[in-house]
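All remarks here apply to the structure that follows.
To find a chain, count down the sequence lines: A is the first, B the second, and so on, and within it residues start at 1.
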Protein chains: 2
Amino acid sequence: MTDPRHNLRDIYPPTGPEIIAKSWQTEAAMRMLMNNLHPDVAENPHELVVYGGIGRAARTWQDFDRIVAALRDLDGDETLLVQSGKPVGIFRTHADAPRVLIANSNLVPHWATWDHFNELDRKGLAMYGQMTAGSWIYIGTQGIVQGTYETFAEAGRQHYGGDLTGKWILTGGLGGMGGAQPLAAVFAGACCLAVECNPDSIDFRLRTKYLDEKTDSLDEALAMIDRWTAAGEAKSVGLLGNAADVFPELVRRMNAGGPRPDIVTDQTSAHDPVNGYLPQGWSIAQWKAGRESDPKAVEKAARASMKTHVAAMVDFWNAGVPTLDYGNNIRQVALEEGFENAFAFPGFVPAYIRPLFCRGVGPFRWCALSGDPEDIYRTDAKMKELFPDDAHLHQWLDMARDRIAFQGLPARICWIGLGDRHKAGLAFNDMVRSGELKAPVVIGRDHLDSGSVASPNRETEAMKDGSDAVSDWPLLNALLNTASGATWVSLHHGGGVGMGFSQHSGMVICCDGTAEADARLARVLWNDPATGVMRHADAGYEIARDCAREHGLRLPGIL
Amino acid sequence: MTDPRHNLRDIYPPTGPEIIAKSWQTEAAMRMLMNNLHPDVAENPHELVVYGGIGRAARTWQDFDRIVAALRDLDGDETLLVQSGKPVGIFRTHADAPRVLIANSNLVPHWATWDHFNELDRKGLAMYGQMTAGSWIYIGTQGIVQGTYETFAEAGRQHYGGDLTGKWILTGGLGGMGGAQPLAAVFAGACCLAVECNPDSIDFRLRTKYLDEKTDSLDEALAMIDRWTAAGEAKSVGLLGNAADVFPELVRRMNAGGPRPDIVTDQTSAHDPVNGYLPQGWSIAQWKAGRESDPKAVEKAARASMKTHVAAMVDFWNAGVPTLDYGNNIRQVALEEGFENAFAFPGFVPAYIRPLFCRGVGPFRWCALSGDPEDIYRTDAKMKELFPDDAHLHQWLDMARDRIAFQGLPARICWIGLGDRHKAGLAFNDMVRSGELKAPVVIGRDHLDSGSVASPNRETEAMKDGSDAVSDWPLLNALLNTASGATWVSLHHGGGVGMGFSQHSGMVICCDGTAEADARLARVLWNDPATGVMRHADAGYEIARDCAREHGLRLPGIL
Ligand SMILES: NC(=O)c1ccc[n+]([C@@H]2O[C@H](COP(=O)([O-])OP(=O)(O)OC[C@H]3O[C@@H](n4cnc5c(N)ncnc54)[C@H](O)[C@@H]3O)[C@@H](O)[C@H]2O)c1
Ligand SMILES: NC(=O)c1ccc[n+]([C@@H]2O[C@H](COP(=O)([O-])OP(=O)(O)OC[C@H]3O[C@@H](n4cnc5c(N)ncnc54)[C@H](O)[C@@H]3O)[C@@H](O)[C@H]2O)c1
């Protein structure tokens, strides 16, 4: 093997109730590392790439093997240190300390650029951990459906009294992430009209049932939307076309008394003007050729089209239609192209995610180490039992079971917050103890949680007090999770938005059915979301302050 | 009180064996916070400034009061979170977890500049923690004497068989830090000729006995040096003059067969060309006036003089005299002025400190919470008993007792490493238990320790493998110290070299005489220096690899 990052092995985590490590805590870390590289989970497992560009689970295959060996051998009072995907030390700690501590891709700020990272990477000194790739809690595409669903549902709560029946969402882009939009919209109870220029993207989403219908006629698409909304049916249609043509046309029709969308957004790949956005008037073939022969010309044309596209979104916004940027940087491009009013409508985080973050609500998830889907279905039922009045949650659980296939070890994601997370954790631990589940489960979350991320261009954009760039918060979150007894804790740099632009932390905790795990779960699953409530209360959000008071948080300098 | 950072109160830590907090762990944190603001310790205590420009112990006076109140009330299974000098949360953890977790001045890299920091600071959202200011383990000037002593002593070991008797050190600058040089040289057994342009700086050091003699004649200074070195006496002289004049003149004399220094360095404030370095041919009065009226002209003249100054240092180096940059950036200025060979001689860290870091040796320190100097003298004696063959250590302890006055709570610093630190900690804890000491002691270290800092312009300059900017290491250090049970743990950004240029972590642990503390001390004071050995072993230093093998460290991806 000459390339330390290439290997044809297929990795599957062990399943079932027998362990090969010395305890479930270390077995859990080992299975989850392997699950991140499962052929159904990872985007490019032979290169150790899990997702998000070059987000890896281990630095090299040799490091992967050494991590596995270390975890198999680790005692219950020892801790393994992983530095940018490489196992660097095993130290004596104690039973309530984490079994693994991870730091990935962290660089001293002045050197925190892709250039410097790439230089280190070439020397074998670095690994990009993304968020959940290097911290071993990625669970496939279920996460993006759920995040989009929560965003649409929160928009529904804010603008339509929590009921999106008979409403429709206009958007663009059905790519890797954006393809989750029609399914998420339907989950949230709304119809969806998604404009996509690439027929293959549309067909792929039809095949996987993320999308219900397709057409290349705007009139036909609008007729479907009209029929479905009138009937109170939630369904979706993919319209083959260019969003920069369709959006302005829909503005014209709306202004002329035609149909009016209830929510407008976009997930074309506007962040990459050379490769991600089809310019108006170009065919896909022309576009592909142009990217090779004259990328500058493509970029210029794409940027001009984005300006038109954003201008239409601002028209919707000015007409009173809730409109949001989905983190693809399209407003910034329009601004640079001279459209001064580009930032008239908000980003999705300040508009819809932050109110959730204020209550410690974020991408909570768990995974059945048994490998048995039944274990997840039992936890689904337990969640309904624990939170009998949360219709939104019940709906998500039903639809997720129905329409989202498991990838690798069966897992479930659902956004819950402070006061609920530890209840779920304790209940699951009890189910492991009683044998109701066939093996332990792990509970974790994405790094883009309420208290665990500083990312001024996305998750902490436009904080009320201007503290967007303060990264004390994710560091405190990691230290507190370590002090509270999470099973593994991670600190990363550059996830989501790239080198220099974010710092964030992760935690995973194992429900092994023991009483000791009860104590740890009660602490970790309370403290972790509580740091998010604290961070938002400090920034001045009333929702967070109320939530802190309601839960009796002790925030001396804040409340 | 309108300025939240100004207050005329004088803060003195409580002393003696009675506590006002609920345990010694929290009492310790409270006393050390207060000690950082003790009138004899802090540079500007009424503004909460401890040292190093604007390095503070708490964000505002109200935050100081709230931290004290929180610490007094904190239970033995609770943890206080401090965010840039403000107490933000109290959480349930467990007895073996830290009582305080601190994150100061951390910023997402792209925004990690003084400009952005100052903007936040003006809004009341930030505090500069320096290294030990915001982490409550600053002990006054003893630290700088010891650091300089270790550097000179290591140079003596490398170049002169460990014996500096009859040798002399040429340097410039007797300011706040540089003034420690003559005393440190004498401690190391060498004579010192220090060129200083400001008569007040010379007189101050004479008064406090850091300096033995003064003169304004080079001939007279050299005659003293000649006399002392011949007699094997270690003494120092301050020469009133401009280093940029004197250094080249000494090169000329050396080349003409005159006296030849044995070590050359410099601590003029070359890092600040406007305010820190007197240009050749200028009087002090002219310089002061010029800084107001025409700072650009001062800078230009100062930079030209620095070039001359560095050229002389390179001449010494080329003549075979060990020459070192002491972290004042003077080589960089000379390079910018067109002197290509400016970096011919090394910085002090790669040359002399790194071999110590490779063995986990760094600025270890402890402080007697009783307030009684006798407690420190007893620990001094214990250190000699524990390490009977370490002549270097014995010499330091004797001289420090003799010539360095305590500031605030009595404290001692001495550089020891992996394998020794935990022995000292356990012995001290035993002395507390037996009543030999009047009250508990705390043990800590500077952030610029072996495994706890990433600072590519200073502590991690020119790492063997090019990993200077990788900051996974200090983050892992903080996480591991948290997992091991230090009493408080901190993560800072920007200490020493300013915003954007460093990330580093601190730890302090309390010896309260209990068996539980024994277990924590054994873990923390082993693991903490071991992370330094690990980091340097990973970078390829043989000394570190040997040290790791000798101590049986388990470094799976490294050894
Ligand atoms: N959390 C977040 O902030 C978040 C989450 C998801 C996606 N995003 C952003 O959303 C964007 C989409 O992500 P993705 O992974 O789906 O990207 P992708 O490249 O896989 O998909 C983009 C899709 O847009 C289509 N498209 C391009 N130009 C078009 C045009 N003019 N009209 C209609 N369709 C067009 C492409 O054919 C493609 O199918 C990215 O910019 C991503 O960064 C952000
Ligand atoms: N760990 C480290 O890397 C480290 C440690 C200590 C100091 N330093 C650096 O060393 C320098 C000195 O620190 P300080 O706190 O003593 O600064 P300071 O400003 O207090 O003292 C500088 C002294 O140099 C004198 N001086 C200025 N120009 C001179 C000249 N041309 N000839 C002779 N004397 C001259 C000044 O009168 C003053 O007394 C700083 O640049 C500091 O950053 C670095």
Side-chain angles (χ1 to χ4, degrees), chain A residues 63 66 70 79 81 83-84 86-94 96-98 101 103-104 106-112 116 120 123 125 454-456 465-467 469-473 475-476 478-480 482-485 489 491 500-503 523 527 530 534 538 553-558, chain B residues 63 66 70 79 81 83-84 86-94 96-98 101 103-104 106-112 116 120 123 125 454-456 465-467 469-473 475-476 478-480 482-485 489 491 500-503 523 527 530 534 538 553-558:
Chain A
D63 291 314
R66 284 174 169 156
T79 296
L81 265 48
Q83 183 264 328
S84 286
K86 173 177 174 176
V88 290
I90 294 168
F91 294 92
R92 174 93 38 212
T93 54
H94 56 79
D96 271 328
L101 295 168
N104 285 327
N106 295 285
L107 293 172
V108 176
H110 186 71
W111 291 264
H116 191 72
L120 290 167
K123 291 187 195 158
L125 293 173
S455 183
D465 63 347
S467 61
V470 176
S471 57
D472 293 333
W473 303 105
L475 300 180
L476 287 174
L479 293 174
L480 183 62
T482 302
S484 303
V489 174
L491 267 172
F501 291 88
S502 62
Q503 283 175 277
R523 291 192 299 255
N527 291 347
M534 170 180 80
D538 186 61
L553 295 191
R554 294 159 67 196
L555 312 179
I558 299 173
Chain B
D63 291 314
R66 283 172 169 159
T79 296
L81 266 46
Q83 184 262 327
S84 286
K86 173 178 176 176
V88 290
I90 293 169
F91 295 92
R92 175 94 38 213
T93 53
H94 57 78
D96 272 328
L101 295 169
N104 285 325
N106 296 286
L107 294 171
V108 176
H110 186 71
W111 292 265
H116 191 72
L120 292 166
K123 291 188 195 157
L125 293 174
S455 184
D465 62 347
S467 62
V470 175
S471 57
D472 293 333
W473 303 104
L475 300 179
L476 286 174
L479 293 173
L480 183 61
T482 302
S484 304
V489 174
L491 267 173
F501 291 88
S502 62
Q503 282 174 279
R523 290 191 299 256
N527 290 348
M534 169 180 80
D538 187 60
L553 295 190
R554 292 158 69 194
L555 311 179
I558 299 173

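When every heavy atom of Pro98(B) is checked against every heavy atom of Val489(B), the shortest pair comes out as CG-CG2, 4.2 Å. Pro456(B) approaches Phe501(B) most closely through the heavy-atom pair CD-O, 3.5 Å. Closest approach of Leu101(A) to Ala483(B), counting heavy atoms only: CD1-CB, 4.1 Å. The shortest heavy-atom contact between Pro87(B) and Asp63(B) is CD-OD1, 3.6 Å. Considering every non-hydrogen atom in both Ser471(B) and Gln503(B), the closest pair reads OG-OE1, 2.7 Å.
Judged by distance alone, with hydrogens and angles left aside, the side-chain atoms of Arg554(B) form no donor-acceptor pair with the main-chain N or O of Ile90(A) at under 3.5 Å.
Using a 3.5 Å distance cut-off with no hydrogens or angles, the side chains of Thr482(A) and Thr482(B) do not pair a donor with an acceptor.
Interface remark: Asp538(B) contributes side-chain atoms only to the contact with chain A (heavy atom separation under 4.5 Å). The contact between Asp465(B) and chain A is made by backbone and side chain atoms together, counting heavy-atom distances below 4.5 Å. Using a 4.5 Å cut-off between heavy atoms, Leu120(B) contacts chain A through its side chain alone, with no backbone atom that close.
Comparing Arg66(A), Arg523(A), Lys86(A) by how many heavy-atom pairs each has under 4.5 Å with chain B, the most go to Arg523(A). Ranking Lys123(B), His94(B), Arg92(B) against chain A, the residue ahead of the rest is His94(B), based on heavy-atom pairs under 4.5 Å. Interface remark: of the candidates Val470(A), Leu475(A), Asp96(A), Leu476(A), Leu476(A) forms the most heavy-atom pairs closer than 4.5 Å to chain B. Each of Ala97(B), Pro556(B), Gly485(B) has some count of heavy-atom pairs under 4.5 Å with chain A, and the biggest count is that of Pro556(B). Among Asn527(A), Leu81(A), Asn104(A), the residue with the largest count of heavy-atom pairs under 4.5 Å with chain B is Asn527(A). The greatest number of non-hydrogen atom pairs below 4.5 Å with chain A, out of Ser484(B), Gly89(B), Ala469(B), is found for Ala469(B). Contact count versus chain A (heavy atoms, under 4.5 Å) is highest, among Ser455(B), Gly466(B), Gly557(B), for Gly557(B). Considering only heavy-atom pairs separated by less than 4.5 Å from chain A, the leading option among Leu553(B), Leu555(B), Leu479(B) is Leu479(B). The candidate with the highest count of non-hydrogen atom pairs below 4.5 Å against chain A, out of Pro109(B), Ser502(B), Ala103(B), is Pro109(B). Heavy-atom pairs under 4.5 Å with chain B peak, among Thr93(A), Thr79(A), Val88(A), at Val88(A).
Scanning for side chain to side chain donor-acceptor pair (under 3.5 Å) contacts around Asp472(A) gives Gln83(B), Ser84(B), Asn106(B), with sequence neighbours left out.
Ring to ring, His110(A) and His116(A) are not that close: their centroids are 6.0 angstrom or more apart.
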